Amino acid sequence: MGRKKGSKYERIIEAAVDVIAKYGFHQAKVANIAKAAGVADGTIYLYFKSKEDILVSIFEEKMGEIINKIRKKIALTASPLDKLFMLIEVHLKQLAERESLAIVTQVELRQADPQLRKKINEIYEDYLFLIEEILREGKEKGHFSNDLDITLARQIVFGTLNEIITNWVMEDRPNDLVSLAKPVHKLFINTFCCNK
């Protein structure tokens, strides 16, 4: 992408997450983001073309971080079932630890205009591929049904996590999000494991 990165870039991204979560994407102003990041308004445009570019970059950076954390954890185990649990746990933990990020990833994605939403959805492709990898390995090793539809199963995993986090955000975080990792994992195993 050729984007200049460094401490100012990171500060702008982090500030943008909080500002967009607080005001909503359409109401958030670049000036608010600059102030929260401790930079001049014009500095924003050294790193980003527009406010839309900032939002896309948040998804690029933060989903990239989640994917990297999952990959590091799953590298420590050979079990596809454990890998699936780790994916669920890391995803829930990352968003539980930063409510503003959960708000941006769950709420703003749905409110974005179609072109912006398409760009953001493309960012999720690496994450969906990671889910597929784990499911395919589980199927190959006999943990999951030999007629498991990987694409459908991937949609079930991603859609379930997405819905759980959305409900958590909309209901003002009524429970411990990370505590749901085990029951969600059990649900997936029960759904995918039995040969018909």
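No hydrogens, no waters, no symmetry mates; every other heavy atom, side chains included, goes into these values. Please read these numbers as outputs of a predicted model, since none were measured by experiment.
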Point to revise | More than 12 heavy atoms from other groups under 6.0 Å of NZ on Lys186 | key: no
Check your understanding: To the nearest 0.5 Å, what is the distance between CG (Leu130) and OH (Tyr124)?
Key -> 14.0 Å
Review point. CD1/Ile131 to CG/Leu87 distance, rounded to the nearest 0.5 angstrom?
Key: 5.5 Å
Salt-bridge present ([X], [Y]; N to O < 4.0 Å):
X	Y	result
Glu89	Lys93	no
Glu140	Arg136	no
Lys119	Glu52	no
Lys62	Glu65	yes

Check your understanding: Are any non-hydrogen side-chain atoms of Val39 and Tyr47 less than 4.5 angstrom apart?
Key -> no
Check your understanding: Does any non-hydrogen side-chain atom of Phe59 lie less than 4.5 Å from one of Leu55?
Key -> yes
Revision key, fill the gap. Heavy-atom nearest pair, Ala102 first then Val169, reads CB-CG2, 3.7 Å
Practice item. Verify, without hydrogens or angle tests, whether Lys51 (side chain) and Val30 (backbone) share a donor-acceptor contact under 3.5 angstrom. Key: no
Check your understanding: Hey, what's the ring geometry for Phe188 with Phe192, parallel, tilted or perpendicular (30° and 60° as the breaks)?
Key -> parallel
